[in-house]
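We number each residue from 1, following the sequence as shown. Side-chain atoms are counted along with the backbone in the values below, which use heavy atoms only and exclude waters and symmetry mates.
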Amino acid sequence: MQAALHDAYAADYDQQVSAYGSYLAEDLFGLCYQAIQPGQVLLDAGIGSGLCAALFAKAGLVVHGFDFSPAMLDICRAKGIAVDLKQHDLLQAPWPYPPAAFDHLVCCGVLHFISGLEVIFSQAQRLLRPNGLFAFTSKIPGAALDPQQPYERQMVGEFEIFSHSSAYIEALLGRYSFERLKTNRCLVGEEIFQNWVVRKP
C-alpha cells in the first residue's frame, strides 16, 4: 500500500522537489563533502529517484541504493548513477547487504515517513565501516514535544508524516554509538527539516 502511494507521484517527484525550493539533498551532500573520497562505496537507503545519490556519484563515489517503490527505482535506474539498485523496504531488517559493506550511508527525505527509527539506526551501524558517515534528514516538530514523546504525527493527504524530536534522535545516536559531527536546518516550503551527519567510530 505505501509503496503504491509513492509510485503514484514518482514521475513528477523531481519537479515537485524543485517547485518546493527544497535543497535538502544539496545541503546534506555539502555537510559530507570534506569527509568523502572518490572510489568510496555509498549506500543510499530510500534512494527514490536518486536526487541525493546523484551528487555523491558526481563526486566519484560508487553508489548502491534501495527503495520499496518500483516506479522510483525505474526513474533512478534511467539516470545511470548507481551500480546496483534493489527493491526493499527500509523497515524490513536485515537490509540485503553484508556487514561493513559501505564507507558511507545516506537517508535523505525519508525518515519523516516512518514513526520508529530503531531499525534504520541499527542497520546503519551494521553496514558501515569504521569512521563511516551516516547522513540523514528529519522533520522538526511544530512545537516542543513531551520528553517521553519521540515524534508528532500528522496526515498530509494520504500520507502519515512524522516529526521526530531531537532528544529521540540523540538517544538513538547514543544507543548505536554514533558520534554527531554536524547538523543544519533547511526549509522545504514552510516546513523545517534538519540534516544530520554522524560517524561510526
Side-chain angles (χ1 to χ4, degrees), residues 23-48 51-66 90-141 144-152 162-188 192-201:
Y23 298 100
L24 277 178
E26 290 88 344
D27 190 67
L28 194 64
F29 172 75
L31 293 175
C32 296
Y33 185 73
Q34 288 183 321
I36 61 175
Q37 298 291 332
Q40 290 182 323
V41 185
L42 174 91
L43 175 64
D44 190 327
I47 193 169
L51 286 177
C52 188
L55 301 170
F56 289 90
K58 189 173 182 179
L61 278 73
V62 179
V63 173
H64 296 246
F66 72 92
L90 271 169
L91 297 180
Q92 298 299 314
W95 294 351
Y97 307 96
F102 300 101
D103 295 298
H104 307 297
L105 191 154
V106 296
C107 191
C108 184
V110 175
L111 300 188
H112 60 285
F113 292 115
I114 300 168
S115 54
L117 304 179
E118 187 93 19
V119 66
I120 286 85
F121 283 78
S122 68
Q123 290 302 297
Q125 173 63 227
R126 184 179 75 85
L127 295 178
L128 279 171
R129 297 166 184 162
N131 294 316
L133 298 184
F134 175 29
F136 59 93
T137 61
S138 66
K139 188 173 181 296
I140 301 295
L145 299 181
D146 181 281
Q148 301 304 312
Q149 185 180 354
Y151 57 81
E152 66 179 14
F162 301 92
S163 304
H164 298 92
S165 72
S166 292
Y168 172 60
I169 291 176
E170 294 280 7
L172 288 170
L173 296 180
R175 188 174 308 153
Y176 291 99
S177 302
F178 284 107
E179 175 190 4
R180 180 160 60 89
L181 299 180
K182 298 178 183 179
T183 62
N184 190 42
R185 294 192 173 188
C186 190
L187 281 173
V188 178
I192 303 174
F193 283 72
Q194 185 155 337
N195 281 326
W196 302 73
V197 178
V198 304
R199 180 169 60 198
K200 177 178 177 177

Closest non-hydrogen atoms of L61 and Q37, given as atom of the first, atom of the second and distance, are CD1-O, 3.6 Å
Is the shortest side-chain heavy-atom distance between D103 and L128 below 4.5 Å? no
Test side chain to side chain contact (heavy atoms under 4.5 Å, CB included) applied to V198 and Y176, F121, F134, the passing residue: F134
F162 vs L111, test: side chain to side chain contact (heavy atoms under 4.5 Å, CB included). Steps then yes/no. CA-CA 8 Å; F162 301 92; L111 300 188; over 6 Å; no
In Å, rounded to the nearest 0.5 Å, how long is the span from CD of Q194 to NE2 of H164? 13.0 Å
Residue pair F178 / L172, side-chain heavy-atom distance below 4.5 Å: no
Check Q149 against S165 and note the closest heavy-atom contact, atom names and distance. O-OG, 3.9 Å
To the nearest 0.5 Å, how far apart are CG in L90 and CD1 in I114? 4.5 Å
About how many Å separate CZ of R180 and OG of S166, when rounded to the nearest 0.5 Å? 8.5 Å
In this structure, is the centre-to-centre distance between the rings of F193 and H112 below 6.0 Å? yes
Taking atom CG of L24 and atom SG of C108, what is their separation to the nearest 0.5 Å? 5.0 Å
What residues form a side chain to side chain donor-acceptor pair (under 3.5 Å) with Y168, not counting sequence neighbours? none
Heavy atoms only: give me the nearest L55-L51 pair and the separation to one decimal. CG-O, 3.9 Å
Residue list, salt bridge (charged side-chain N to carboxylate O under 4.0 Å, His left out) with D27, at least two apart or on another chain: none
Pair V197-T183, side chain to side chain contact (heavy atoms under 4.5 Å, CB included): steps then yes or no: CA-CA 6 Å; V197 178; T183 62; over 6 Å; no
Return yes if some donor-acceptor pair links the side-chain N/O of R175 with the main-chain N/O of S122 below 3.5 Å, else return no. no
Evaluation steps, side chain to side chain contact (heavy atoms under 4.5 Å, CB included), between L173 and W196: CA-CA 11 Å; L173 296 180; W196 302 73; 4.2 Å; yes
Counting distance only, does the side-chain N/O of K200 pair as donor-acceptor with the main-chain N or O of G132 below 3.5 Å? no
Between F136 and I169, is any pair of side-chain heavy atoms under 4.5 Å apart? yes
Which heavy atom in A59 sits nearest to a heavy atom in I36, and how many Å separate them? CB-CD1, 4.3 Å
Heavy-atom donor-acceptor pair, H104 side chain to L133 backbone, under 3.5 Å: yes
According to side chain to side chain donor-acceptor pair (under 3.5 Å), who are the partners of S163, at least two apart in sequence or on a separate chain? K139
With distance as the sole test, does R199 use its side chain to make a donor-acceptor pair with the main-chain N or O of N131 at under 3.5 Å? no
Evaluation steps, side chain to side chain contact (heavy atoms under 4.5 Å, CB included), between F102 and H64: CA-CA 9 Å; F102 300 101; H64 296 246; 3.8 Å; yes
Exercise: identify the closest heavy-atom pair between V106 and C52: CG2-SG, 4.4 Å
Side-chain touch V63/I47, heavy atoms, less than 4.5 angstrom: yes
Rounded distance (nearest 0.5 Å) linking atom CG of L91 with atom CD of E118: 12.0 Å
Can you tell me how far apart CD (Q123) and OH (Y97) are? Round to the nearest 0.5 Å. 11.0 Å
Nearest heavy-atom approach of L105 to A124 is CD1-CA, 4.0 Å
